[in-house]
Structures are given as C-alpha cells and as structure tokens.
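The structure appears below as structure tokens.
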Protein chains: 2
Amino acid sequence: MQVMPYHHGNLREALIAAATQLAAEHGPDAVVLREAARRVGVSHNAAYRHFADRDALLRAVSARAMTEFGQLMATRIAGSATGHDKDAAAARFEASGRAYVEFATTHPGLFRMACAWSLGDVAPDAAVNHPYAQLSERLDELVSTGVITPARRQNAEIAAWSAVHGFAMLVLDGPLSVVPPDERERGLAEVLRVVREGI
Amino acid sequence: MQVMPYHHGNLREALIAAATQLAAEHGPDAVVLREAARRVGVSHNAAYRHFADRDALLRAVSARAMTEFGQLMATRIAGSATGHDKDAAAARFEASGRAYVEFATTHPGLFRMACAWSLGDVAPDAAVNHPYAQLSERLDELVSTGVITPARRQNAEIAAWSAVHGFAMLVLDGPLSVVPPDERERGLAEVLRVVREGI
DNA sequence: CGAGGAAGTTACCTGTGTCAACATGCAAGT
DNA sequence: ACTTGCATGTTGACACAGGTAACTTCCTCG
C-alpha cells in the first residue's frame, strides 16, 4: 500500500507539468489551479507555496510552451537546408515561418499560452531557443547571403512576424479554421511569398 | 421618487450596451453577466430571458463591436481618396489597413471582442459594414485599376488580413506594446509596404 | 375581465481564486 | 539525541462567477 508522503518533493515542477497538460488540451482558460493540484494529487492550496497566484502559474506554463515552440522551430529549420547560399537561407527562412504555423495548428493550446503576452514578463526557461531569436538569425542570413538588402533588415522582423502570426490566428479559431486544408496551404504559401518578395 | 417599473422595456438592448461598455473598458474577460445586469439595475437572472448564456451575450457584443469596427474603417477609407485611378485605389487600400490597426489600438477591448472568433457564429448587426467586405472591395479596386494582377487576387485577402491582423496583435499586448510610437509607426509602414509590393 | 404567457425576482447549486489558521516533517544547532 | 524553526501541505472559509428552478408581476388579448 503506497501512501503518499506529506511532502511531494517537486511539487512546483509537477504543477507546471499538469497545468501545461491542461493548456495543451483546452487552452489557457482551461488552466485552473485547483484542477492542476487535483491531478498532482495535492490539496488545492499547496500551489500557493510555489506560485503567488494563478497568473504566476500561467507564466510558468507560458515559458514551458515557448520552449517547446522554439524546439519545433529549430528542428524544422535544421531539417530544411544546411548550406550557406541564398537558396539555403531562403529555405530556412520559409521553414521558420512554416514551423510557426505548424506549432500553432498542432499545439493550439500551447501556442496560445506562448502568445499570452498579457501575462506580463515571463521568465524564460533556461534552455529556451526563442522563436523570435531564430527569426532574427534567419533574417541576418538573408542579408549576409544577399537575398535582401541591409536597408530592408530594420523592420523585417515586424513584417515577417506580423504576417505569420496573423495567419496563425486566422487559422486557429478565425475564419480560416473552416476552410479545407489545401486552400489553407495556398493561403500560407501566399503569405510566405508576399513576405519573402516584399521584404 | 422615481420607482423602477417591473418591466424594463428594452432590457436586451440595455444589457448589450452595458456589456459593450464592459468590453470596451477591460476586454472580453471583463464582460460578466452579473455586472452588466447590475449596471442596468436589474437582477442578474433577468439576463437569461434574453440570452441563453454568457456566450450569447458575448456574441451580441461581438456583433456590436464589429459594427463599430466597420464604421471606423468606412470613415477612414472615405476620408483618404475619392478617385478611380491607381493612386486613389492604393490610398484607400492603405487607409483600410491603417484603420484596422487604429481600431485595434484605440478600442482594444472592442477589437478583441470583434475578433473573438471562438464564440462561434455571430449573427451580424443589420447595419454592419463588415471590415472583411471592405477589404475585398479595396482589393477588387486594386485589380480593376491595374495596381495588382488578377492572378494575385485569389489569396490577397488572406495575405493582407494576416499581416495587418498580426501587427495589431503584436501591438495590442504583444512585444510591440512597449516600443515608442514612432518605431511602431515605422513597423506599420513596413508591414503595409510589404503587403502592397508583395501582393 | 380574466386567463396565459412574457419578463423579472429570489433562492440555491457548483466551481474558482484567494486568504487565514493549522498541521507536518525535514534539517540544523546545541 | 532532542528541540526548535521554517518550508511545505492541509483544512476551512469567503467572495464572486455562471447557471437552474420555482415563484411573482404585469401586459395582452380573446
């Protein structure tokens, strides 16, 4: 007969894991302190020993989601092209954009957590490879390989990020959520083309 | 001494107005049935005679917000250019994009309500001039005046909408919420340029 | 004029976040 | 070894939200 020890041992991590699970299942609103505690098998108020309030837990989950997000993006970029020429740089750039949308569609709950900016400053996980940083690297590559001019570098993050993030939003629960996949793909391709040619 | 009549007379409208006020003040999450009823001076359960549940009220507010959104956009478009030439069409197109961001920044709560797509199908107000329809008209103009080719017309809504919507999101509570206005303006200008030249 | 239904009200339920007071057990200091 | 202290969990309570059920008021229409 296994009896639970009074002290959990690593409750903070367990709560973050449970809350991340909740977020992955049904989005940020589904992250409820009491349910996370329940799943960990601990009294609801135990959470307050590790998080000032619900928002603090949400911030931790957001950091976790951001880390997963960055991992997927890094994987997709690495899997796209390895050269140092124009084509490879362009391919990696496109891969980063596609990874953004892929994460949003395959992990909608976590994506929304990662983008829950209204939570305020989120202390990033130590191992995070931030998507924004990866985008910046892609853009630097585009400049260094001569795909785009240095003059265009300045606001390129904003333009690329806006377009891809907006598309992800439209797909998530927006108007594009009800269009067939092939049409959605054409939309994404067009968004990426506009960014790459306009940038 | 003015005594409240037992029957309000137009409770549905009054509740929508109060709820819209709440949304305008602090966003969708601040739209709480009981508070709306309180402001109207009616018992909280009276709302259920007019709305099946909270979401139904939110849908009504969303429709209201969308109407306001469309009005601003129409105003800005009308105020930008009136001709039928390329330049005028392009100016109106840009004005529609700027109006999108203007509404998002000046009415963040209502903007979020208008974009609360997860609410499901929202019955539009009768008088609504839907932003999406106005965008389509702008794009049709760009084609008919020869600014863009008909071949590019197909997915142009998606590209334009994605870019501008994404930018609005980044500005609302995203990373761009903390950058100075002039830098924000340069970002917006770049987004609009990329769309116009890439499309 | 009086029956019936629409519109509001009161009472109550569950569930959530949060605070306060109490219980437990590990670890350090004598 | 014993005790004392503090981090960690627990129980209990409160306020407030959405939602259901049963009751009341009052307008409308035959």
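Counting atom types as modelled, Asn45(A) pairs a side-chain N or O with a base atom of dG12(D) as donor and acceptor under 3.5 Å.
A sub-4.0 Å separation between OP1 or OP2 of dG9(D) and a side-chain N or O of Arg12(A) is absent. Here Tyr48(A) reaches the OP1 or OP2 of dT18(C): one of its side-chain N or O atoms lies under 4.0 Å away. Remark: Arg54(A) is in phosphate contact with dG17(C), judged by side-chain N or O atoms under 4.0 Å from OP1 or OP2. When the side-chain nitrogen and oxygen atoms of Arg49(A) are compared with OP1 and OP2 of dT24(C), none of them lie within a distance under 4.0 Å. Taking 4.0 angstrom as the limit, His50(A) places a side-chain polar atom (N or O) nearer than this to OP1 or OP2 of dG9(D).
Here the nucleotide nearest the side chain of Arg34(A), chosen from dA13(D), dG9(D), dA11(C), is dA13(D). Taking every side-chain heavy atom of Val32(B) into account, dA17(D) is the closest of dT16(C), dA17(D), dG19(D). Side chain of Ala46(B), nearest nucleotide from dT10(C), dT18(C), dG8(C): dG8(C).
Spacing between atom CG of Leu58(B) and atom P of dA17(D) amounts to 14 Å, rounded to whole angstrom units. Spacing between atom NE2 of His44(A) and atom C1' of dT10(D) amounts to 9 Å, rounded to whole angstrom units. To the nearest angstrom, P of dG19(D) lies 10 Å from CG of Leu57(B). Atom-to-atom, CZ of Phe51(B) to P of dG19(D) comes out at 13 Å; the value is rounded to the nearest Å. Atoms CG (Leu33(A)) and P (dG9(D)) sit 14 Å apart, rounded to a whole Å. Rounding to whole angstrom units, CG of residue Asp29(A) and P of dA17(D) are separated by 17 Å.
In this structure, Phe167(B) has its ring center no closer than 6.0 Å to that of Tyr100(B). Aromatic rings of Phe111(B) and His107(B) (six-membered ring for Trp) have centroids beyond the 6.0 Å cut-off, not under it.
Between the CZ atom in Phe51(A) and the CD1 atom in Ile16(A) there is a gap of 4.0 Å [rounded to 0.5 Å].
Ion pairing of Arg193(B) with Glu197(B) is present here, as a side-chain N (NZ or NE/NH1/NH2) and a carboxylate O approach within less than 4.0 Å.
When each of Arg38(B) and Leu11(A) is assigned the nucleotide of DNA chain D bearing its nearest heavy atom, the one mapping closer to the 5' terminus is Leu11(A).
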- Tell me, with the steps shown, if Arg64(B) and Glu13(B) meet salt bridge (Lys or Arg N to Asp or Glu O under 4.0 Å). CA-CA 11 Å; Arg64(B) 203 53 59 93; Glu13(B) 275 308 309; 3.4 Å; yes

